[in-house]
Amino acid sequence: MKYLEIAVEVESCFTETVADIFWEFNTGGVSIEDPLLLWQYINAQIWDAYEFPDSVLKAERATVRAYFPLTENINTLLSQINERLKSLGIPFNLYFQEVDEESWANSWKKYFKPVEVGEFLIKPTWEKLPSGKEDKKIIEIDPGMAFGTGTHVTTALVLEALPKYVSPGKVVVDVGTGSGILAIASALLGAEKIYALDIDPVAVKVARENISINRLEDKITVIENDLLHGFNQTVDVIIANIIAAVIKELALDAYEKLATGGIFIGSGIIVEREKEVMDKLLEVGFKIIERKNSGGWCLLVARKE
Ligand SMILES: C[S@@+](CC[C@H](N)C(=O)[O-])C[C@H]1O[C@@H](n2cnc3c(N)ncnc32)[C@H](O)[C@@H]1O
C-alpha cells in the first residue's frame, strides 16, 4: 500500500506539538528527527555520531514526519493539516511525498541502537553486538509498535534497580510489559518464573515475539490482562512501569498478591505525583525502601513487611 509522508521542519521545542497535531488527524505513525536530542545522546556516549547522516546531525531544525494512507481525500487532509499548523503561529516548512509501507514501518529503526543500562545491554534485533560487550546481560528487542526500547528513562530506572531485587528462584510479575523488556531482564537475573501482563493485544504479541527471540518461553508467560485482575498467585516481585494514576489503582492488589517480604517496583511516575503515589503505597501497608528521580521521572520501590 502507498502512503503520504508529510515532513514538517520546526524548532526542537515544537516537535511534540506538531506530533500531537498529526495524531489528531489519525496518522498511522510519527517519527521525530531532532538534532538536539541526538547530540544529547551522543554527548552522553549512548550513541555514536558516525551512525547518523550529516543531514540529520547538522540540521538546524527538527523534522517531524507522519504517514497517512493515500486515499482520495488526501489533498483535503493535507490542506487541513497545513491550516492547523499555521494556526500555531510558529515558523515551519512542510514537505510531502509518496512512500511505500515498508519505508515508514521501519523509519524509526535507524535511531534505536545498542545501549547499555546497568548490567544490561539492549540490542535491537537488527544490530550487531558491539565488540567487548559479551559479558553484559544481553536483551534482544524488536519493540515493533509496543513501548519498551530501554532508552526511555522510566524503563532505564527499573533496569538499574532490578538486580537488587530479582535473584535466582524469584517469581516476578511485570504489569504493563510492553515489549517484554523488563520480564526478559528479570529472567536474565535468574527469576524462576515471570508473568508478563499487558492490556494491549499489540504489546502482548510483540512481547511474545521478543521472549521467543531471547529463547525464554519456558520462563516467561505473557497474558493479556487488565492490571492484576483475576491473577491469583502469590509472588515475590511485582514491577509496574505505567503511570502514577495506574500505580495508585494497582497498589492494594499488588500488596495482597505479594508474599511477606515481597517487593513492588513502580515507575512511570512524574515527580509532581511522587508524593501521592508514596502516600497510597504507605496507606495499603507497604514500606518505601528506595526512591530515585531522573529527568522528571520517579521510581519507587516498596516492601511488604
Ligand atoms: C510505559 S509502557 C512500559 C513498557 C515496558 N514495561 C517498559 O518498561 O519499557 C506501559 C505499558 O502498560 C500497559 N498498560 C497500560 N494500562 C494497563 C493496564 N490497565 N493493565 C495492563 N497493562 C497496561 C500499556 O499497554 C504499555 O504497554
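Whatever order the structure lists them in is the order used to number ligands and atoms, beginning at 1.
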With sequence neighbours excluded, what pairs up with E249 under the salt bridge (charged side-chain N to carboxylate O under 4.0 Å, His left out) test? none
Nearest 0.5 Å please: distance from the CD1 atom of I289 over to the CD atom of E305. 8.0 Å
Just distances here: any N/O of N241 and N/O of ligand 1 closer than 3.5 Å? yes
With the threshold set at under 4.0 angstrom, would you say V246 reaches ligand 1 through any of its heavy atoms? no
For atom 14 (N) of ligand 1, which candidate among V206, L227, L157, I199 holds the nearest heavy atom? I199
What part of N225 sits under 4.0 Å from ligand 1 if we count only heavy atoms: the side chain, the backbone, both or neither? backbone
Under 4.0 Å from a heavy atom of G176: give me the atoms of ligand 1 that qualify, with their elements. 3 (C), 4 (C), 5 (C), 6 (N), 11 (C), 12 (O), 13 (C), 22 (N)
Does Y195 have its ring centroid less than 6.0 Å away from the ring centroid of F231? yes
Taken in chain and number order and not counting sequence neighbours, the residues that satisfy ring-ring contact (aromatic ring centres under 6.0 Å, His included) with Y255 are F286
So is D226 polar-close to ligand 1, meaning N/O to N/O under 3.5 Å? yes
Any donor-acceptor pair under 3.5 Å linking the side chain of N214 with the backbone of E140? yes
Quick one: does I181 get an N or O within less than 3.5 Å of an N or O on ligand 1? no
Can you establish whether the number of heavy atoms outside Q80 located under 6.0 Å from its atom CD is more than 12? yes
Output yes when a side-chain donor or acceptor of K136 lies under 3.5 Å from a complementary backbone atom of E116, and no otherwise. no
Show which atoms of ligand 1 fall inside a sub-4.0 Å distance from at least one heavy-atom site of D200. 25 (O)
Number the atoms of ligand 1 from 1 as they appear, then name those within less than 4.0 Å of a heavy atom of T155, with their elements. 7 (C), 8 (O), 9 (O)
Under 4.0 Å between heavy atoms, the region of L182 that gets near ligand 1 turns out to be side chain
